[in-house]
Amino acid sequence: MYYYYFFFFFCSCRCRQRAKNKSCLPSGHVTPLFTDIRKNMEDTTGSNPQSLGFTEKLKSWLSWSWTYICFIWFGMVLIMIYVLWSPLKLQETLKSLSLFSKAYSRLFQIFEWWYFRKYGTSFIEQVSVSHLRPLLGGVESSSTTGLFSSVNGETEPRPSVSECKVWRNPLNLFRGAEYSRYTWVTGKEPLTYYDMNLSAQDHQTFFTGDTQQLRPEDAVMQKAWRERNPQARIRAAYQAIEMNHECAAAYVLLAEEEATTITEAERLFKQALRIAGKDINLLVYIKRRLAMCARKLGRIKEAVKMMRDLMKEFPLLGMLNIHENLLEALLELQAYADVQAVLAKYDDISLPKSATICYTSALLKARAVSDKFSPEAASRRGLSTAEMNAVEAIHRAVEFNPHVPKYLLEMKSLILPPEHILKRGDSEAVAYAFFHLQHWKRAEGALNLLHCTWEGTFRIIPYPLEKGHLFYPYPGCTETADRELLPSFHEVSVYPKKELPFFILFTAGLCSFTAMLAMLTHQFPELMGVFAKAVSTQHWRLMGVVGL
């Protein structure tokens with residue numbers, strides 16, 4: 001019986017060690033790419049991405065049911081031990097095993113001493129850190145949370161929970177014309193209170209005004225942004241307009257929340273622009289929203305011109321990420337040369353990355369080869385230089401945000417994007433895929449190339465995530481922030497999932513079941529013989545009925 005458990009433990013350790021060795025391959029190594037291509041070619045060639053949803057649901061159902069099966073199995077073992085305690089004379093067996101356990105402990109101490117002398121670390125500690133802690137959801141030790149090696153070999157500080165900064169979504173929708181319509185149709189609230197509270201803080205900061213002392217209408221608008229009830233906010237905006245007909249911030253609020261169409265919102269924004277004066281924050285906000293209105297109304301060239309003019313007029317406001325609005329509009333125009341020019345400026349090593357930057361770069365490189373890409377041909381002849389560049393770009397994008405591919409491949413349902421996003425989180429993935437899925441579909445074969453290669457990223461990144469490959473290690477605080485930003489009816493994507501592989505669970509159950517049968521056969525040979533004969537007879541009868 002003990003040999004089964006030792007064999008299972010040894011195999012699981014060897015499998016994880018091999019996976020770890022494979023994950024440490026250099027970026028140019030071809031093996032993970034071909035392994036991933038062959039795997040997808042054998043398993044899913046000819047299937048569309050929508051069919052993968054059933055497979056994921058089946059896997060999740062098996063994982064969910066396995067938890068309850070384990071509890072039932074554990075309970076049956078306890079009951080069997082209780083029932084068979086006296087017939088099997090388990091107390092005497094335990095006494096006889098005590099001598100064996102002492103001898104085994106001595107041998108293990110000798111092995112532990114030899115392992116420490118050879119490798120400089122404890123075998124038990126190594127197994128606990130490398131295999132058990134990730135499965136049990138543990139965190140890394142303090143020795144690994146201080147510094148880590150970057151891509152250039154330099155040491156940089158590891159991002160902490162406080163560095164999981166929430167950013168304003170550059171492509172956030174209009175509350176009245178888009179979010180409210182969703183609520184009217186479905187009865188669900190697409191925005192969380194946490195998300196709307198962040199927006200209220202943003203608006204208070206943007207629209208306070210240049211004067212040190214607030215005007216009466218500004219004080220009313222400060223209160224209006226903090227109101228939880230939309231109707232109360234709208235009433236406060238009309239109150240501010242009664243105090244001052246040139247209160248631009250009030251018209252902004254009405255355009256965002258009262259206007260039920262984009263055309264009506266554009267009219268109110270234009271009215272706010274005429275009376276905005278020299279308030280830079282108001283001017284930038286209004287012009288950007290006017291450009292987004294033009295984009296939504298199909299006047300894309302006009303929207304591109306407005307965005308370019310805004311970036312030239314206010315070059316120091318790069319933190320507002322207006323270039324992401326420009327990239328999406330240029331992709332809609334299929335002006336790929338202009339998209340590449342914008343990426344050359346903003347996809348710089350010194351600038352912060354985003355899912356839009358990384359995945360747009362991957363889309364352009366994939367588009368150049370995806371129309372002629374074939375997994376069968378790639379597995380035979382190898383990847384060309386252009387195909388290798390495209391695959392490496394996809395791996396780079398997936399490492400930055402691993403949640404995006406499931407939305408692009410329609411393996412997971414999309415929802416309306418929140419007003420704020422967390423970079424590298426599920427909220428950013430939702431926001432990106434919501435606006436860019438159509439651009440990936442337009443590029444022939446791009447989604448197929450993504451489908452064949454994106455999972456190869458996880459073979460390159462070390463696990464546990466003590467370091468990254470091209471970026472800093474994936475922060476562990478994203479799940480908590482995403483659950484605050486995304487509505488409760490959305491299933492938040494979590495990476496990495498700390499769960500046992502199904503093969504290991506199945507092997508453990510099979511070995512335990514076999515060991516139990518061996519013990520029963522040893523103690524009750526006659527009874528088990530009768531049982532085996534009855535099962536065999538029933539089996540042959542069934543085969544005869546079927547006609548095999």
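Counting from 1, the numbers follow the sequence of the chain as shown.
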- Query: Between the main-chain N or O of Arg228 and the side-chain N or O of Arg233, is there a donor-acceptor pair closer than 3.5 Å?
  - Reply: yes
- Query: Taking all atoms of both residues into account, what is the closest heavy-atom pair of Ala429 and His403, and its distance?
  - Reply: CB-CB, 3.6 Å
- Task: Any chance you could lay out the side chain to side chain contact (heavy atoms under 4.5 Å, CB included) test for Val404 and Val398, step after step, and finish with the verdict?
- Result: CA-CA 7 Å; Val404 173; Val398 175; over 6 Å; no
- For Arg288, the side-chain hydrogen bond (donor to acceptor under 3.5 Å, both in side chains) test, sequence neighbours excluded, returns Asn325
- One should read off an interatomic distance between Thr356 OG1 and Leu343 CG, to the nearest 0.5 angstrom, of 10.0 Å
- Query: Atom OG1 in Thr260, atom CH2 in Trp184: separation rounded to 0.5 Å?
  - Reply: 5.5 Å
- Task: State, to 0.1 Å, how close Leu290 and Leu273 come at their nearest heavy-atom pair, and which atoms those are.
- Result: CD1-CD2, 3.8 Å
- Item | Lys412/Glu491 under salt bridge (Lys or Arg N to Asp or Glu O under 4.0 Å): CA gap, chis, key distance, verdict | CA-CA 9 Å; Lys412 192 173 181 183; Glu491 182 182 356; 5.6 Å; no
- Nearest heavy atoms of Ala177 and Thr261, plus distance in Å: CB-C, 3.7 Å
- Note on the structure: Here the pair of heavy atoms bringing Ala236 nearest to Met221 is O-SD, 4.5 Å
- Task: Would you give the length of the straight line joining atom NE2 of His395 to atom CD of Glu455, rounded to the nearest 0.5 angstrom?
- Result: 10.0 Å
- Message: If we ignore hydrogens and angles and just use 3.5 Å, is the side chain of Ser180 paired with the main-chain N or O of Arg175 as donor and acceptor?
- Response: yes
- Query: Between Trp167 and His420, does a side chain to side chain contact (heavy atoms under 4.5 Å, CB included) hold up when you go through it step by step?
  - Reply: CA-CA 5 Å; Trp167 298 75; His420 289 80; over 6 Å; no
- Message: Donor-acceptor pair, distance only, cut-off 3.5 Å: does the side chain of Arg367 make one with the backbone of Ala446?
- Response: no
- Hey, does the side chain of Thr192 reach the backbone of Pro487 with a donor-acceptor pair shorter than 3.5 angstrom? no
- Message: Salt bridge or not between Lys287 and Glu313? Use side-chain N to carboxylate O under 4.0 Å.
- Response: yes
- Task: Under the salt bridge (Lys or Arg N to Asp or Glu O under 4.0 Å) rule, what do Glu399 and Lys353 come out as? Steps first, then yes or no, please.
- Result: CA-CA 12 Å; Glu399 181 180 350; Lys353 299 294 182 290; over 6 Å; no
- Message: So, applying salt bridge (charged side-chain N to carboxylate O under 4.0 Å, His left out) with Glu332, which one of Arg299, Lys301, Arg442 is it?
- Response: Arg442
- For Tyr251, what residues pass the side-chain hydrogen bond (donor to acceptor under 3.5 Å, both in side chains) criterion, not counting sequence neighbours? Gln271
- Query: Taking His451 for the side chain and Leu447 for the main chain, is one N or O donor matched with an acceptor at less than 3.5 Å?
  - Reply: no
- Message: Quick one, Arg396 with Glu392, criterion salt bridge (Lys or Arg N to Asp or Glu O under 4.0 Å). Give me CA distance, side-chain angles, the key distance, then yes/no.
- Response: CA-CA 6 Å; Arg396 171 179 179 258; Glu392 288 181 349; over 6 Å; no
- How many angstroms lie between CD in Glu328 and CZ in Phe434, if you round to the nearest 0.5 Å? 10.5 Å
- Query: Are the side chain of Ser361 and the backbone of Ile357 linked by a donor-acceptor contact shorter than 3.5 Å?
  - Reply: no
- Task: Take atom CD of Glu444 as the centre, draw a 6.0 Å sphere, and report whether it contains more than 12 heavy atoms from other residues, nucleotides or ligands.
- Result: no
- With a cut-off of 6.0 Å (strictly less than), are more than 12 heavy atoms of other residues, nucleotides or ligands near CD of Glu246? no
- Message: Closer than 3.5 angstrom, by distance alone: can the side chain of Glu428 be matched with the main-chain N or O of Arg424 as a donor-acceptor pair?
- Response: yes
- Heavy-atom closest pair (Ala272 atom, Val252 atom, distance to 0.1 Å) is CB-CG2, 4.1 Å
- Message: Does any part of the side chain of Tyr432, heavy atoms only, come nearer than 4.5 Å to the side chain of Ser354, both counted from C-beta?
- Response: no
- Message: Are Tyr359 and Ile394 packed together at the side-chain level, in the sense that at least one heavy-atom pair is separated by less than 4.5 angstrom?
- Response: no
- Task: Under the side chain to side chain contact (heavy atoms under 4.5 Å, CB included) rule, what do Tyr495 and Phe458 come out as? Steps first, then yes or no, please.
- Result: CA-CA 11 Å; Tyr495 170 78; Phe458 308 121; 3.6 Å; yes
- Message: Donor-acceptor check, side chain of Asp426 to backbone of Val492, threshold 3.5 angstrom: yes or no?
- Response: no
- Task: Any chance you could measure Asp309, atom CG, to Phe314, atom CZ, to the nearest 0.5 Å?
- Result: 11.0 Å
- Please report the closest heavy-atom contact between Tyr179 and Pro417, naming both atoms and the distance. OH-O, 2.5 Å
- Message: With salt bridge (Lys or Arg N to Asp or Glu O under 4.0 Å) as the criterion, how do Lys296 and Glu178 come out once you've worked through the C-alpha distance, each side chain's angles and the decisive distance to 0.1 Å?
- Response: CA-CA 11 Å; Lys296 292 175 184 293; Glu178 293 173 309; 3.1 Å; yes
- Rounding to 0.5 Å, atoms CZ (Phe373) and OG1 (Thr453) come to a distance of 6.5 Å
- Task: Just do the side chain to side chain contact (heavy atoms under 4.5 Å, CB included) check on Phe174 and Arg289 with the steps written out, would you?
- Result: CA-CA 9 Å; Phe174 294 86; Arg289 297 303 266 179; 3.5 Å; yes
- Query: Is the backbone of Asp482 close enough, under 3.5 Å, to the side chain of Ser427 for a donor and an acceptor to pair up by distance?
  - Reply: no
